[in-house]
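Below is one structure, written out as structure tokens; the observations come after it.
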Amino acid sequence: MASSTLISESEAWKNLKAHVGDIDKTHLRDLMSDAARCKSLMVEYDGLLLDYSRQRATLDTIGKLFKLAEAANLKEKINRMFNGEHINSTENRAVLHVALRASRDATIQSNGKNVVPDVWKVLDKIQEFSERVRNGSWVGATGKPLKDVVAIGIGGSFLGPLFVHTALQTDPEAIKSAEGRQLRFLANVDPIDVARNITGLSPETTLVVVVSKTFTTAETMLNARTLREWISAALGPSAVAKHMVAVSTNLPLVEKFGIDPNNAFAFWDWVGGRYSVCSAVGVLPLSLQYGFSVVEKFLKGASSIDQHFYSSSFEKNIPVLLGLLSVWNVSFLGHAARAILPYSQALEKFAPHIQQVSMESNGKGVSIDGIPLPYEAGEIDFGEPGTNGQHSFYQLIHQGRVIPCDFIGVVKSQQPVYLKGEVVSNHDELMSNFFAQPDALAYGKTPEQLRKENVPDHLISHKTFSGNRPSLSILLPSLNAYNIGQLLAIYEHRIAVEGFIWGINSFDQWGVELGKSLATQVRKQLNASRTKGESIEGFNHSTTTLMKRYLEASSDVPSDLPTLLPRI
Ligand code: F6P
């Protein structure tokens with residue numbers, strides 16, 4: 001198929017459209033009783049098990065999805081990504097986050113140059129620096145060791161590292177290596193987030209890591225200036241050199257900000273922000289907290305999935321299968337949303353991270369060639385750990401709208417507990433729900449079953465579950481740094497597969513620009529009104545009224561940080 005042709009014009013797409021009628025005649029209750037089918041819809045790789053038998057799909061559906069992959073040139077697109085071609089065409093960039101976790105001896109080219117040695121140069125620098133901070137040979141301005149780290153960053157410079165940090169926090173090996181240390185994340189430009197992050201910390205023992213690919217993001221730079229002031233006010237301006245370091249692709253701006261370029265950790269324009277957790281963006285703060293050796297295991301887990309994604313046949317390829325199933329659910333079965341339901345509290349920040357990776361990547365309205373899409377791309381991602389979600393939004397998932405669910409379970413708990421006299425261990429209790437929920441969604445409960453249970457007539461319809469609600473289950477052997485890396489890479493590649501099939505550019509994000517530029521106009525107006533008393537000009541009635549009310553009611557604004565902080 002020519003690249004400027006939309007995938008919806010292909011025979012493969014049309015065949016799948018027609019096939020929806022066949023699937024509509026089935027019910028998961030019946031599909032699940034076909035043992036041969038269920039056996040075929042399971043894949044294992046490197047300790048992971050994917051069970052997609054509860055998708056509304058037959059073997060015929062899967063075959064048709066492979067044909068769609070062929071029509072979309074999926075294999076070729078994956079190869080182009082790994083070969084460092086500029087597949088992010090609107091920004092003329094390669095997409096090489098896989099190089100961030102490649103082994104030292106690997107070769108991955110961008111613009112004819114092997115980028116792996118550069119990656120390892122930065123990793124070595126992080127290892128050296130983080131060891132110095134952790135062993136107390138790098139100290140703060142007053143000679144005290146830096147035991148606390150505040151990482152400032154937003155979006156991709158925040159969500160991935162936060163997810164990994166939260167997942168590692170209860171891992172026994174990581175706990176040991178983090179003893180006596182704290183890692184916090186300052187993301188929101190809301191000064192409340194500043195207050196929350198510095199509460200209980202002393203500038204004397206704090207290292208601030210400013211993380212920004214561009215080093216121009218308004219929120220991050222204001223937060224960086226705020227904490228620079230926090231440090232300078234307490235320890236004098238020269239302390240900044242010992243207490244602030246940076247992660248960025250824009251080293252000139254790092255220097256201009258006042259951070260010693262020797263204390264800057266680089267990454268490259270071929271790393272998208274939301275795909276940057278394996279660069280210094282995540283590796284530096286996480287190494288400071290857990291030590292480089294733990295973080296290296298995380299990189300190895302991601303790399304294992306990279307190899308699997310690159311070389312496995314589509315039939316056995318977990319990210320490819322997941323990506324194709326998402327396209328099937330969104331574009332053919334019409335399910336706009338997807339719930340990410342990890343049965344592990346350690347994965348509580350996984351869904352927020354995947355929200356950005358998925359929705360910023362695939363929330364597009366035009367093809368990679370700029371043609372308006374005649375079909376919806378992208379999916380609405382949300383999620384909460386089970387069992388918490390069960391007591392929140394599962395009502396809608398069971399009896400309201402149909403939302404395909406990803407159930408993510410872990411065989412071995414990070415923190416096992418088994419109380420004397422209890423029927424099962426605490427983890428077994430959690431996992432009982434992990435195993436039960438997918439069947440509740442798939443099978444439902446019929447009026448006949450309810451009548452047999454003597455449910456009164458007036459409650460039959462309320463207590464009926466239609467079932468036939470798709471889900472898939474991913475079972476991880478444990479949740480250590482390695483498995484966390486695997487999980488991350490599975491979702492990163494799954495989302496790329498979806499974008500490759502939809503024929504969009506999953507690696508740009510023009511949709512975030514308009515709001516940013518309008519905020520610039522508002523910022524100018526707020527400044528002019530507050531400092532020169534200028535009236536509000538150039539905004540519509542609604543915005544003018546709201547801003548007027550805001551300015552009138554909040555004239556008492558603290559002028560600088562020393563005034564602000566004692567108020568916190
Ligand atoms: O929200 C838009 C965005 O550009 C994201 O793509 C990115 O992750 C985030 O802002 C932060 O950008 P930076 O790392 O350049 O500060």
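Remember, predicted model here, so these are calculated numbers, not experimental data. Atoms within each ligand, like the ligands themselves, are counted from 1 in listed order. What's counted below: heavy atoms across the whole structure, side chains too, no hydrogens, waters or symmetry copies.
Around NZ of Lys125, the count of heavy atoms belonging to other residues, nucleotides or ligands within 6.0 Å exceeds 12. Environment of CZ in Arg549: sparse, with no more than 12 heavy atoms of neighbouring residues, nucleotides or ligands closer than 6.0 Å.
Here Asp148 does not pair with Arg181 in a salt bridge; the nearest charged N to carboxylate O distance is not below 4.0 Å.
The closest protein non-hydrogen atom to atom 6 (O) of ligand 1 is Glu360 OE1, 2.6 Å. For atom 4 (O) of ligand 1, the nearest non-hydrogen atom of the protein is Lys516 NZ, 3.8 Å. Considering only non-hydrogen protein atoms, atom 13 (P) of ligand 1 sits nearest to Thr217 OG1, 3.2 Å. Counting protein heavy atoms only, atom 2 (C) of ligand 1 is closest to Val512 CG2, 3.6 Å. Ranking the protein heavy atoms by distance from atom 15 (O) of ligand 1 puts Thr214 OG1, 2.6 Å first.
The contact set between ligand 1 and Gly156, taken as ligand atoms under 4.0 Å from a residue heavy atom, comprises 7 (C), 8 (O). Of all atoms in ligand 1, numbered sequentially from 1 with element shown, those under 4.0 Å from a heavy atom of Ile154 are 9 (C), 11 (C). Within ligand 1, the atoms closer than 4.0 Å to a non-hydrogen atom of Gln356 are 5 (C), 6 (O), 8 (O), numbered from 1 in the order shown.
Atoms NE2 and SG, on His97 and Cys278 in that order, are 8.5 Å from each other to the nearest 0.5 Å. In this structure, the separation between OG on Ser529 and CD1 on Ile536 is 5.0 Å, given to the nearest 0.5 Å.
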Side-chain polar contacts of residues 77-85 - donor-acceptor pairs under 3.5 angstrom, sequence neighbours left out - could you list them?
from, atom 1, to, atom 2, distance (Å)
Lys77, NZ, Ala72, O, 3.0
Lys77, NZ, Phe500, O, 2.8
Asn79, OD1, Lys75, NZ, 3.4
Arg80, NE, Glu85, OE1, 2.8
Asn83, ND2, Asn79, O, 3.2

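A tilted orientation is assigned to the rings of Phe163 and Phe350, their planes being inclined by 30° to 60°.
Geometrically, ligand 1 and Ser157 share a nitrogen or oxygen pair separated by less than 3.5 Å.
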